[in-house]
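Below is one structure, written out as structure tokens; comments come after it.
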Amino acid sequence: VPDTPEIADRHDAVCVVGAGASGLAAIKNLREHGFAVDCYERETSVGGAWNWRHDRSPVYASAHLISSRPLTEFPDFPMPDDWPDYPHHSRVLSYLERYAGHFGLVGHIWFGTEVVSAVPVGDGRWDVTTQSTGGGSARVQRYAALVVANGHNWSPARPDIEGDFRGQVMHAAAYKDPAQLRGRKVLVVGGGNTGCDIAVEAAQQAATVWHSTRRGYWLAPKYLLGRPADQVNDRLLRWRLPLWSRQWIHRRATALTIGDLTRFGLPEPDHRPYESHPVVNSQLPYYVGHGRITPVPGVSRFDGAAVELADGRRIEPDLVITATGYRPSFEFLAPELIGADQDGRPDLHLHAFARKHPTLAVVGLVQADAGLFPLAHWQSVAVARWLRLRVTDPVRAATVRQKESARPVRSWSRRKVVATPRHWFEVDHADYLRAVESLLREMAPA
Amino acid sequence: MRSELLRFEDWTNPVPPFPREVLAQLPAGGAPERPPVLFVPGLGQGAWAFAEHWLAHTAARGFPAHALTPRPGGDLRVQVHDVVQVAAALPRQTVLVGHGVGALVVARALGRYPAKAAVLVSPVLDGWAALGAALRANPLGTLPALAGGRLRLNRRQLFGADLPDADADRHLRRIVARPRRELVRHPPVPTPVGNPPTLVVGSPDDRVVSRAALDRAAARYGGAPLLFPGMGHELMLDTGWAEPIEAILDWLAGHLRRAD
């Protein structure tokens, strides 16, 4: 067997990495713009993170959407209007499967195939090495462009806690079923959406529950004034209320509905509303109020059977679940291609376009105050239109590129966010979509 | 400029669900290889208008055929929503066929859903022109509608001379049309997403949609209308109903062949 396999030229075809929600949107929109597409998916089915059968899926049995249906569905393929406001994850998977079937995407996906490396070869083309998941011989193919949609909720960020712990420690990625909590003394670490969800489940199943958060977050209920809370929020966005007034309204609404959580021992938020990713959970205050969840500060170290907390208190859980999030990971790309810093966080125009490689884009690498699918859809439309324009009208493409380089980052990215590793790709969905729309208009077919 | 990306109306005030009436005729035997076709009727009509002849004929040509009855009292936004909901619920990318005001609904739905192909039959895209034509052809039946009342259509407006009176009367009795102001005051039709092939079909002898309006509609989608002289507005109910649906399905089959 030769060391360097022969390179198969796929000419104008585009390579898409991953067949989750973002990858499926990318395949569909690239195909609509006339591109041949080869999508590589390490698993044997579509759905990515939303497919609970997949090794890397973070979903747990009770996971439901935290953004409501109209703000979550693809703009050109609505979810059934008789579905609930916040569908269960199994419905989201069936929705993605129907999307793939409806638009005939499955025939363009190579399942059970991993992208091992992708290397630019000059003139904008890419040599993509693929391999069967779990081994087999490598194959190299040359593509006109590379669209990465490998997701950002699969590589667990594990906290570095010193000391030894005699009980069990698991990352939330390994938490699947409430049976794992039944009758145990559980410490849940992390105040994000997953941490709050698991704390609530533990409140229903476990013997004792501690919920450790280092900072206070602004908690949003799922319903406000009789409507899904994100729909209420979008009314404010629709009226184009300035941020300070929305922050004021958020504070007032929180005070009138959830009330002051510090009286239960939860820390006060150290930032203003809208400066962190929304945490949507109606049940956490309920179970804290019942005394089923004991809020505690951050963990300072493990000590045998005990966990020492930041305030010096010692508790003795037998299970610690760290809901400390996920890191973006692009093992098949050299970091400089996407301008990644030492923590692996890429620097991309509109969180999508590689600044130095016009034929490299990432789809779905954003976090917003709304569902991800609409953003991934419009990102992939922009990517497809950009790749098309490069071919049909290079002069205009160069003009667009120059104009885009002058677009201020603050116009599409949320700049003032709480300083944690997870908030670097936080956007306001309305501002972000406005920026993408203006780019789409610049590239509109003449 | 109106935003296509920021859909605040749909996000904050979603259209409520409704038990939509969808009539279907599926091709006999085996898995259908051809895309589904969804028929959208015009003002005051329901799925029955297509169930009369076109559904069965379409299914016989191998296309799963569906027809939607517009929900009562729904405005344009609601009607577009219903069309996109039904289309997205079908297993494959759907061909949208709209007739009359239903063609306007389809033209708007094309801005929301990447149809496999689209056919606008006797399309009422220009409400003012259709209103003018109706006032000329049937002033007494049209005037009440201007005041929010019922629009009474007569057989000369809708059918050719050779349709038996009994059939014409039967159809006319079923049509209960209450046009909304939106039909003349809607924004221009959007650019279709996904660039679907689009065909305009009509009759030069239609007394609702003039020849000039057909030409304008076809030009909007970059073509010329396919014409069936001697027929009235209701191409799917008139005596010669077989000819236009044959031509539509031939056109469709040709496009699908080329796309493969």
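Just so we're on the same page: letters track the sequence lines, and every chain starts at 1. Treat the numbers as computed from the prediction; the structure is a model and nothing was measured.
- Residue contact with chain A, scored on non-hydrogen atoms closer than 4.5 Å, involves the backbone of Pro16(B) exclusively.
- With chain B as the partner, the residue from Lys28(A), Arg31(A), His377(A), Glu32(A) showing the most heavy-atom pairs under 4.5 Å is Glu32(A).
- Environment of CG in Asp75(B): crowded, with over 12 heavy atoms of neighbouring residues, nucleotides or ligands closer than 6.0 Å.
- Contacts of Arg77(B) classified as salt bridge (charged side-chain N to carboxylate O under 4.0 Å, His left out), with partners at least two apart in sequence or in another chain: Glu9(B), Asp10(B).
- Top candidate by heavy-atom pairs under 4.5 Å with chain A, chosen from Pro35(B), Gly111(B), Pro17(B), is Pro17(B).
- The distance from the OG atom of Ser3(B) to the CD atom of Glu437(A) is 3.5 Å, given to the nearest 0.5 Å.
- Atom CZ of Arg181(B) is surrounded by 12 or fewer heavy atoms from other residues, nucleotides or ligands within 6.0 Å.
- Only the backbone of Pro91(B) comes within less than 4.5 Å of a heavy atom in chain A; its side chain stays farther off.
- Contact annotation for residues 74-86 of chain A against chain B (heavy-atom separation below 4.5 Å, listed by residue number): Pro75(A), Asp76(A), Phe77(A), Pro78(A), Met79(A), Pro80(A), Asp81(A), Asp82(A).
- The side chain to side chain donor-acceptor pair (under 3.5 Å) search around Gln93(B) returns none, not counting sequence neighbours.
- Chain A forms the most heavy-atom pairs under 4.5 Å with one residue out of Ala89(B), Pro114(B), Ala87(B), and that residue is Pro114(B).
- Residue pairs that meet the ring-ring contact (aromatic ring centres under 6.0 Å, His included) test with at least one member in residues 74-114 of chain B, sequence neighbours left out, are His102(A)-Tyr113(B), His99(B)-His233(B).
- Taken from CG in Leu6(B) to CG in Asp431(A), the straight-line distance is 9.0 Å, to the nearest 0.5 Å.
- For Leu237(A), the parts lying near chain B are the backbone and the side chain together; criterion is any non-hydrogen pair under 4.5 Å.
- In terms of heavy-atom proximity, Pro14(B) sits nearest to Gln231(A) at CD-OE1, 3.7 Å.
- Taken to the nearest 0.5 Å, the NE2 atom of His429(A) stands 4.5 Å off from the CH2 atom of Trp11(B).
- One finds the OG1 atom of Thr12(B) at 5.0 Å from the CZ atom of Arg238(A) (value rounded to the nearest 0.5 Å).
- With a 4.5 angstrom heavy-atom cutoff, Arg227(A) touches chain B only via side-chain atoms.
- Few gaps surround CG on Asp250(B); more than 12 heavy atoms of other groups in view lie less than 6.0 Å from it.
- Comparing Val381(A), Leu440(A), Leu433(A), Asn233(A) by how many heavy-atom pairs each has under 4.5 Å with chain B, the most go to Leu433(A).
- In this structure, chain A has no heavy atom under 4.5 Å from any part of Thr191(B).
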